[in-house]
Amino acid sequence: MFRKLLKYEWTALMRTMFPVYGAVLVISLLNGIFLSGNPILERLPLAGYAKVIMMLLYIGGMIAMWVFTAVMVMQRFYKGLLRQEGYLMFTLPVKAWQLVLSKALAAFFMAVCATIAAVLSVGLLIGQDFFVTLGQLPGAIGQLVSQALAYDKGAFAHMSIFAVEIGALCIAATFGGIYHLYTSMALGHMSGTHKIALSVVWYVVISAISNFISALMMGNISLLNKLIDQITVSYLPLHLLALIPLAVELIKLAAFAVITDYILNKKLNLE
C-alpha cells in the first residue's frame with residue numbers, strides 16, 4: 001500500500017512539474033543558441049535585445065521552477081492531509097507517518113529532478129563544451145581514484161567515507177527542510193481560524209529556535225576545537241566535521257516527524 005501511495009504522490013507532482021522543467025530546458029536551449037555567437041543570428045535586427053529578453057526569461061524560469069517546487073511540496077501536504085481530501089487519506093490502511101513519508105519522499109525526488117533540470121539548463125546555456133566535459137568526467141574520476149589509491153589507500157578510504165557522510169548530511173538537511181514545512185502547517189492547522197497565517201508564524205518561530213540553537217553551538221565551538229586537538233586519531237576531526245552537523249539534522253528531523261505524527265493522530269483539525 002505504501003508503494004501505491006508513493007506512486008500516487010509522484011504522479012501528482014510530476015504531472016505539474018515536468019512541463020515546468022521542460023519549459024526551463026527549452027528556454028535554456030534558445031539562450032544557448034543566441035549566445036553561441038552565430039554570425040547569422042548576430043546580423044538579425046534587434047539581436048542584442050533578443051539576447052537580453054531570453055536571458056531574463058531564463059532567470060525567471062529558473063526562479064519559477066524552484067518556487068513551483070516549494071509550492072507543490074506544501075500544496076500536496078496541505079490538500080492531501082489537512083483539508084477535505086484528508087478524510088479519504090486517513091481511511092487508508094496505513095499509518096499517519098507513512099502518509100507523511102510518502103509525500104516527503106516524492107518531494108525529495110522532485111527536488112532531485114529540479115536539480116538535474118537546473119544542471120542540464122546550465123549545460124544547454126554553455127553549449128557543447130559542457131556536455132563534452134561531462135562525458136569525460138567518469139574517466140577523469142577513475143584516473144583520480146587510481147592515483148589516490150596508489151598514493152595512500154588509507155587517506156582515500158577516509159575521504160571516501162567523508163564524501164558519504166557529506167552526502168548523508170545533504171539528504172538529512174533536505175528531508176529536515178521538508179518536514180519543517182510539514183510541522184509548521186500541522187501546528188498552524190490546530191487553530192480554528194487563520195490556519196495558513198499561523199502556519200507561516202510557526203515556520204518563522206521554528207526557524208528562529210533552530211537558528212538560536214545553532215548559534216549556541218557555534219558559540220561553544222571553541223570547546224569542540226579543544227576536544228578535537230586532544231584526539232590523536234588523525235582523520236577523526238575530518239569525520240566529526242560532517243558527523244556532528246549530521247547528528248543535529250537527524251535530531252531535528254526526528255523531532256519534526258514526531259510532532260507532525262502526533263498532531264495528525266491526536267490533534268488533527270480538518271477543514
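As the structure is a prediction and not an experimental result, all values here were calculated from the model.
A pairwise comparison of heavy atoms in Leu25 and Ala117 identifies CD2-O, 3.6 Å as the closest pair. Nearest heavy-atom pair, Lys103 versus Phe77, reported as atom, atom and distance to 0.1 Å: CD-CA, 3.9 Å. Looking at every heavy atom in both residues, Ala104 comes nearest to Tyr182 through N-OH, 3.6 Å. Taking each heavy atom of Leu250 and Ala172 in turn, the nearest pair found is CD2-CB, 4.1 Å. Heavy-atom minimum distance, Ser121 versus Tyr58: OG-OH, 3.2 Å. In terms of heavy atoms, His189 sits closest to Ser199 at ND1-OG, 3.8 Å.
Residue Val258 is not grouped with residue Ile263 when hydrophobic side chains (ILVMFWY) are merged at heavy-atom distances under 4.5 angstrom, including chains of intermediate members. The same ILVMFWY cluster, assembled from side-chain heavy atoms under 4.5 Å apart, contains both Ile27 and Ile126. The cluster map of Ile, Leu, Val, Met, Phe, Trp and Tyr, joined by side-chain heavy atoms under 4.5 Å apart, puts Leu82 and Ile259 in the same cluster. A single hydrophobic cluster is not seen to contain both Ile161 and Ile171; linkage of ILVMFWY side chains at heavy-atom distances under 4.5 Å, directly or through other members, places them apart. Hydrophobic clustering of Ile, Leu, Val, Met, Phe, Trp and Tyr side chains at less than 4.5 Å, counting indirect connections, unites Val24 with Val26.
Surrounding CZ of Phe68 are at most 12 heavy atoms belonging to other residues, nucleotides or ligands under 6.0 Å away. Within 6.0 Å of CH2 in Trp97 there are 12 or fewer heavy atoms belonging to other residues, nucleotides or ligands.
In this pair, His180 and Phe256 present their aromatic rings parallel. The plane angle is below 30°, not in the 30 to 60° band. Taking the six-membered ring for Trp and thresholds of 30 and 60 degrees, Tyr179 and Phe175 have ring planes inclined between 30 and 60 degrees apart.
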* Asked: Do Leu169 and Glu165 pass the side-chain contact (heavy atoms from CB on, under 4.5 Å) test, and can you show the C-alpha distance, the side-chain angles, and the key distance before you say yes or no?
  -> CA-CA 6 Å; Leu169 173 60; Glu165 292 165 351; over 6 Å; no
Listing, residues 204-212 side-chain donor-acceptor contacts under 3.5 Å, not counting sequence neighbours, or none:
from, atom 1, to, atom 2, distance (Å)
Ser207, OG, Tyr203, O, 2.8
Ser210, OG, Lys252, NZ, 3.2
Asn211, ND2, Ser207, O, 3.1

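Atom CG of residue Leu120 and atom CG of residue Leu29 lie 11.5 Å apart, to the nearest 0.5 angstrom. For the atom pair CH2 (Trp66) and OG1 (Thr115), the distance works out to 3.5 Å, reported to the nearest 0.5 Å. The distance from the CG atom of Leu101 to the CD atom of Glu9 is 11.0 Å, given to the nearest 0.5 Å. The line from CE of Met72 to OG1 of Thr16 is 4.0 Å long, rounded to the nearest 0.5 Å. In this structure, Thr69 OG1 and Met74 CE are separated by 10.5 Å, a value rounded to the nearest 0.5 Å. Rounding to the nearest 0.5 angstrom, the gap separating the CE atom in Met185 from the CD atom in Gln75 is 10.5 Å.
Side-chain contact, Thr183 with Thr260: a donor N or O sits under 3.5 Å from an acceptor N or O.
Remark: the backbone N or O of Ala257 is not paired with any side-chain donor or acceptor of Asp261 at under 3.5 angstrom. Looking only at distances, a side-chain donor or acceptor of Ser102 sits under 3.5 Å from a matching main-chain atom of Leu99. Without hydrogens or angle criteria, Asn31 side chain to Met55 main chain gives a donor-acceptor distance under 3.5 Å.
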